[in-house]
Amino acid sequence: MSTTGWGNFWQDQRQSFYAVMKMATSYFVSKFEKQYSLKPTDEIFDYGCGPGFVADSLAGRDSKITGADINDFFIAECRKNHPGGQFMVITTNTADNKKILEEQLSGRQFDYILLLSIIQYFKSSNDLDEVIDLLRGYLKASGKLIIADVLDENTSSIKDAFSLLMHCIRKGRIGAFVGFISYLMFSDYRKISKQNKLLLFSEETIRAIAASNGLRCEKVNGLTLQKSRSNYVLSHAAVK
Ligand SMILES: C[S@@+](CC[C@H](N)C(=O)[O-])C[C@H]1O[C@@H](n2cnc3c(N)ncnc32)[C@H](O)[C@@H]1O
C-alpha cells in the first residue's frame with residue numbers, strides 16, 4: 001500500500017470535520033453495542049481510529065480498546081483521553097504495519113476489529129485485501145471484523161447529507177452540519193477529493209476479499225448514519 005493524496009491528507013489532519021465525525025461515530029457505536037450485545041470484557045481493535053471517537057463513545061463501559069491510525073496527532077489525543085487503552089501509530093504500508101502490530105500486539109486477539117469509515121481513503125481494493133490479510137490473525141475464532149460506512153455504486157452524497165442533516169436537527173446540532181458542509185466546500189478536503197476520488201467497494205468485491213482470506217461475509221443494514229453506505233461483518237468460516 002502506498003501513501004496517496006488521501007494518506008498524506010489524513011497524516012496531516014488536526015481538527016478536520018470533528019463535530020460531525022464524532023456524531024456519526026457515536027451513532028455507529030450505539031447501533032454496534034445493541035446489535036452485538038457488547039460485553040464490558042469484549043476486546044476491540046479500532047483500526048483507523050482517528051482521534052478516538054469509538055473509545056470516547058464506549059467510555060464508562062470499561063471495554064478494552066486498542067486503536068491504530070496513520071495520524072500521530074490523533075493517536076496522541078487517544079492516549080491523552082484514554083490512558084487505559086493501547087494506541088499505536090501505523091503507516092500506509094502494510095509490510096511496515098505487520099511489524100508494528102507484531103511488536104505492539106504480540107499475539108493478542110480481539111472480539112471485534114473495526115474498520116469504520118476508512119476504506120474509502122485506500123488507494124485500491126488490493127489495499128483492503130492486504131489489510132484484511134493482516135488483521136484476520138488478530139481476530140478471535142468467534143470474533144467479528146466490521147467494515148462499516150462503505151461507499152459503493154449506490155452511495156449518494158445528497159442522500160447521505162440529508163440523513164446527516166436530519167440527525168443534526170434531531171440532536172439540536174445544526175451548527176455541526178453547517179460546519180461540515182463549509183469544511184467540505186472550503187478546505188483541502190475538496191481539493192484532494194477532486195484529484196483522488198473516494199474509493200467505492202461493491203458488495204461483490206468485499207465478498208471476494210473475505211473469501212480470498214477464508215472469511216465469511218455478511219452484509220448488515222443500519223449500523224451507520226449515512227443510509228446509502230454499506231456495512232459488512234467478516235468472521236472466521238468455521239464459527240456460526
Ligand atoms: C473519517 S476518519 C474516521 C475515524 C474513525 N474511524 C471514526 O469513524 O471515528 C478516517 C480515518 O482513517 C484514517 N486512515 C486513512 N487512511 C488510512 C490507512 N491507510 N490506514 C489506517 N488508517 C487510515 C485517517 O487517519 C482517519 O483517522
Side-chain angles (χ1 to χ4, degrees), residues 1-29 44-59 65-83 85-94 96-97 100-101 104 113-124 127-128 130-131 135 147-151 155 157 160-161 164 167-168 173 175-201 224-226 229:
M1 196 191 291
S2 61
T3 303
T4 64
W6 282 117
N8 290 328
F9 170 84
W10 279 112
Q11 275 167 333
D12 291 342
Q13 278 309 289
R14 292 300 176 256
Q15 289 292 320
S16 50
F17 42 95
Y18 259 37
V20 156
M21 204 200 299
K22 187 164 184 146
M23 286 170 83
T25 305
S26 141
Y27 181 95
F28 166 81
V29 171
I44 299 167
F45 183 22
D46 186 10
Y47 190 91
C49 60
F53 295 147
V54 169
D56 295 349
S57 302
L58 287 171
I65 186 106
T66 300
D69 203 281
I70 59 173
N71 180 314
D72 57 357
F73 173 80
F74 286 169
I75 290 300
E77 292 278 289
C78 292
R79 287 177 180 150
K80 188 175 72 191
N81 297 330
H82 301 282
Q86 183 187 3
F87 298 93
M88 66 204 82
V89 180
I90 52 170
T91 72
T92 52
N93 179 291
T94 313
D96 292 344
N97 292 341
I100 295 170
L101 264 51
Q104 298 276 326
I113 298 179
L114 309 178
L115 293 175
L116 171 59
S117 214
I118 86 160
I119 69 171
Q120 58 268 45
Y121 303 111
F122 286 179
K123 194 176 172 203
S124 72
D127 291 353
L128 179 63
E130 286 180 11
V131 169
L135 294 178
I147 310 175
D149 215 29
V150 176
L151 279 70
T155 299
S157 33
D160 284 353
L164 216 50
H167 187 73
C168 289
R173 301 284 311 279
F177 182 78
V178 174
F180 175 60
I181 296 298
S182 357
Y183 179 83
L184 291 190
M185 304 283 289
F186 303 114
S187 70
D188 280 356
Y189 194 95
R190 184 179 171 82
K191 222 185 298 164
I192 305 275
S193 56
K194 278 189 180 158
Q195 293 151 3
N196 304 269
K197 293 284 168 224
L198 292 170
L199 196 59
L200 308 185
F201 285 87
T224 49
L225 191 53
Q226 286 149 305
R229 300 186 180 190

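Excluded from the calculations below are hydrogen atoms, water molecules and symmetry mates; all remaining heavy atoms, backbone and side chain alike, are included.
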Spacing of T25 atom OG1 and D56 atom CG [to the nearest 0.5 Å]: 9.0 Å

Excluding sequence neighbours, so at least two apart, what forms side chain to side chain contact (heavy atoms under 4.5 Å, CB included) with Q104? Q86, M88, I100

Taking it one step at a time, do L101 and L135 satisfy side-chain contact (heavy atoms from CB on, under 4.5 Å)? CA-CA 9 Å; L101 264 51; L135 294 178; 4.0 Å; yes

side-chain contact (heavy atoms from CB on, under 4.5 Å) assessment of L164 paired with Q226: CA-CA 7 Å; L164 216 50; Q226 286 149 305; 4.0 Å; yes

Please work out which of the three classes, parallel, tilted or perpendicular, describes the rings of F45 and Y47, given edges at 30° and 60°. perpendicular

Please lay out, stage by stage, how I44 and T66 fare under the test side-chain contact (heavy atoms from CB on, under 4.5 Å). CA-CA 6 Å; I44 299 167; T66 300; over 6 Å; no

Nearest 0.5 Å, please: how far is CZ in F177 from SG in C168? 6.5 Å

Under 3.5 Å: donor-acceptor pair, side chain of D69, backbone of G50: yes

Gap between atom OH of Y183 and atom CE of M21 - 0.5 Å precision: 8.0 Å

dist F9:CZ -> K191:NZ (nearest 0.5 Å) comes out at 10.5 Å

So which atom in I118 and which in G48 form the shortest heavy-atom distance, rounded to 0.1 Å? CG2-O, 3.5 Å

If we only count heavy atoms from C-beta on, is the L58 to V29 side-chain gap below 4.5 Å? yes

Working to the nearest 0.5 angstrom, can you tell me the gap between R173 CZ and F180 CZ? 13.5 Å

Shortest non-hydrogen contact from A68 to I75? C-CD1, 4.1 Å

Side-chain donor-acceptor pair under 3.5 Å between D160 and T155, yes or no? no

Check the pair F28, F53 against ring pair (Phe, Tyr, Trp, His ring centres under 6.0 Å), reporting the backbone distance first and the verdict last. CA-CA 10 Å; F28 166 81; F53 295 147; over 10 Å; no

Side-chain contact, heavy-atom cut-off 4.5 Å: L128 with L115? yes

Does any non-hydrogen side-chain atom of V89 lie less than 4.5 Å from one of I70? no

CA sep, side-chain torsions, deciding dist, call: L151, L199, side-chain contact (heavy atoms from CB on, under 4.5 Å): CA-CA 7 Å; L151 279 70; L199 196 59; over 6 Å; no

Shortest non-hydrogen contact from F87 toward A55: CZ-CB, 4.4 Å

CG of D188 to OG of S193: how many Å apart, nearest 0.5 Å? 10.0 Å

State, to 0.1 Å, how close H82 and G52 come at their nearest heavy-atom pair, and which atoms those are. NE2-O, 4.0 Å

T92 side chain near K123 side chain, heavy-atom distance below 4.5 Å: no

Just by distance, do the side chain of R229 and the backbone of T224 share a donor-acceptor pair under 3.5 Å? no

Measure the shortest side-chain to side-chain distance between C49 and I65 over non-hydrogen atoms and say whether it is less than 4.5 angstrom. no

Do the non-hydrogen side-chain atoms of I192 and W6 ever get within less than 4.5 Å of each other? yes

Side-chain donor/acceptor of S187 to backbone N/O of L184, under 3.5 Å: no

Side chain D96, main chain T91, donor-acceptor under 3.5 Å: no

If only atom types and distance count, is the side chain of N71 paired as donor or acceptor with the main-chain N or O of F74 below 3.5 Å? yes

Which one of F73, F122, Y121 satisfies the ring-ring contact (aromatic ring centres under 6.0 Å, His included) criterion with W10? Y121

